[in-house]
Number of protein chains: 2
Amino acid sequence: MAAAIGALTLRATRAGLYDRLTSGVEGVDATTYPVLSGLDRIGPATATRLAEAIGMDRTVTTRYATRLQEAGLIARRPDPSDARATRLALTADGERAVLALRDAMQSFLAEEMATWPPGEAATFALHLERLTEALAYPDTSRTS
Amino acid sequence: MAAAIGALTLRATRAGLYDRLTSGVEGVDATTYPVLSGLDRIGPATATRLAEAIGMDRTVTTRYATRLQEAGLIARRPDPSDARATRLALTADGERAVLALRDAMQSFLAEEMATWPPGEAATFALHLERLTEALAYPDTSRTS
DNA sequence: TATTGTTATACTCTATAACTATA
DNA sequence: TATAGTTATAGAGTATAACAATA
């Protein structure tokens, strides 16, 4: 299992996965993918809030956001309640891109899990989520 | 589940995991870890064969191998059967480092899985392995 | 001519710090 | 003074090409 985690987090494996996922979507690659999908997940937000949500640095987030903006997938609008802030939001093209990416991921997972006994997929997903959380937030004590 | 995979492969998550794993072991970091553990897994081997085994480029493998050699964790010896080749092998310190890393990983996993129902861990590990394999080798048809 | 190991080069990603504008 | 956004700079990682030695 440690080997599986090692392989899963290996550069080549990740690169292969995200290259396949994003190959059909113009303007998105393995680096900008988290920004796009994160923005879809939490909705329109400032760069700082988005950066926190996806575990990325503010500076990296804003730079990749610029790339996505140049590709026409997200838009910047001034925040009405704070003149310092800028609200990031998906454009119509951006939402289409998110849908395409989600479809690609889900079709891959569905194909992979087709042979699993019913119910195991749900259990697996739950475990994977918890394990990932434990990895991402090691300090959070899990005494549930 | 897609979100969990996304989070798991996110840079920050990986970096956090490997930083914690390798923090107690001198000379190993997130980049040299695959080389060290791969060499332990397949045994003494040439750089080319090791590179194939861990899904890394030859040039990267040999450079990181040099780092590990400088740290005293692996050794280079001429291949008796081929004067072009160099055999990489763990030193005694290298084997100790591998053990320490494995202990760190297993203690983390054990802690995390302590609350899981018996048997689920094994099922989970099996699924994770298959999923990872599918990600790493997309062309291999899985008609088993 | 092909392969092994290695080094050199350029490119991308990441992190730190600095800058501007506003609170 | 602090915060949001952004840009600049430097460092680390990666990939491609090139090299010498041997098959």
Side-chain angles (χ1 to χ4, degrees), chain A residues 6 9-19 22 27-36 38-39 42 44-71 74-89, chain B residues 6 9-19 22 27-36 38-39 42 44-71 74-89:
Chain A
T9 55
L10 206 64
R11 161 151 214 94
T13 304
R14 278 177 298 121
L17 168 62
Y18 284 106
D19 281 355
T22 61
V28 186
D29 60 19
T31 60
T32 53
Y33 175 85
V35 176
L36 190 74
L39 194 56
I42 69 172
T46 65
T48 300
R49 211 162 72 76
L50 177 59
E52 285 168 6
I54 62 180
M56 256 191 184
D57 197 74
R58 282 200 316 276
T59 67
V60 181
T61 302
T62 190
R63 201 174 313 120
Y64 290 169
T66 301
R67 262 190 238 171
L68 290 169
Q69 185 181 13
E70 285 166 356
I74 74 174
R76 281 185 163 92
R77 302 184 60 179
D79 188 325
S81 65
D82 187 338
R84 295 171 303 178
T86 302
R87 289 178 78 77
L88 302 171
Chain B
T9 55
L10 207 64
R11 163 152 215 94
T13 305
R14 279 176 297 124
L17 167 62
Y18 284 106
D19 282 354
T22 61
V28 186
D29 60 18
T31 60
T32 53
Y33 175 86
V35 176
L36 191 73
L39 194 56
I42 70 171
T46 64
T48 300
R49 210 160 73 77
L50 177 59
E52 284 168 8
I54 62 181
M56 256 190 183
D57 197 74
R58 282 200 317 274
T59 67
V60 180
T61 302
T62 190
R63 201 175 312 122
Y64 291 168
T66 301
R67 263 192 239 170
L68 290 170
Q69 185 181 14
E70 283 164 359
I74 73 174
R76 280 186 162 91
R77 302 184 59 180
D79 189 324
S81 66
D82 187 337
R84 295 172 304 179
T86 303
R87 288 177 79 78
L88 301 171

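Throughout, protein chains are lettered first and strands after them, A, B, ... in sequence-line order, and every chain is numbered starting at 1.
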Touch class at under 4.0 angstrom, heavy-atom based, for B:R63 against every strand present: base

B:R14 side chain vs B:T9 backbone, donor-acceptor pair below 3.5 Å: yes

First of B:R76 and A:S81 reached from the 5' end of DNA chain C, by closest nucleotide: B:R76

Nearest-angstrom distance from the residue atom CZ of B:R84 to P of C:dT6: 14 Å

Value in whole Å for how far the C1' atom of D:dT3 lies from CZ of A:R49: 16 Å

Distance in angstrom units between A:D82 CG and C:dT20 P, rounded: 20 Å

Side-chain N,O (A:Y64) to OP1/OP2 (C:dT14) below 4.0 Å: yes

Under-4.0 Å side-chain N/O to phosphate OP1/OP2 contact, B:T62 with C:dT6: yes

Closest to side chain of B:A85, choosing from D:dG5, C:dT4, D:dT22: C:dT4

Nearest-Å distance for atom pair CZ/C1', residues A:R58 and C:dA15: 12 Å

Protein-nucleotide distance (B:D79, atom CG; C:dT3, atom P), rounded to Å: 17 Å

Spacing between B:R14 atom CZ and D:dA12 atom C1', to the nearest angstrom: 14 Å

Between OH on residue B:Y18 and OG1 on residue B:T13, distance to nearest 0.5 Å: 12.0 Å

Verdict with reasoning, A:I54 to A:L50, per side chain to side chain contact (heavy atoms under 4.5 Å, CB included): CA-CA 6 Å; A:I54 62 180; A:L50 177 59; 4.1 Å; yes

Touch class at under 4.0 angstrom, heavy-atom based, for A:R87 against every strand present: nothing

Integer-rounded Å distance: D:dT14 C1' and A:D29 CG: 15 Å

Euclidean distance, atom CG of residue B:L88 to atom P of C:dG5 [Å, nearest integer]: 7 Å

N or O in side chain of A:T31 less than 4.0 angstrom from C:dT12 OP1/OP2: no

Whichever of B:R67 and B:D57 has its nearest DNA chain D nucleotide further upstream toward 5': B:R67

Sugar-phosphate, base or nothing in reach of A:T59, heavy atoms under 4.0 Å: base

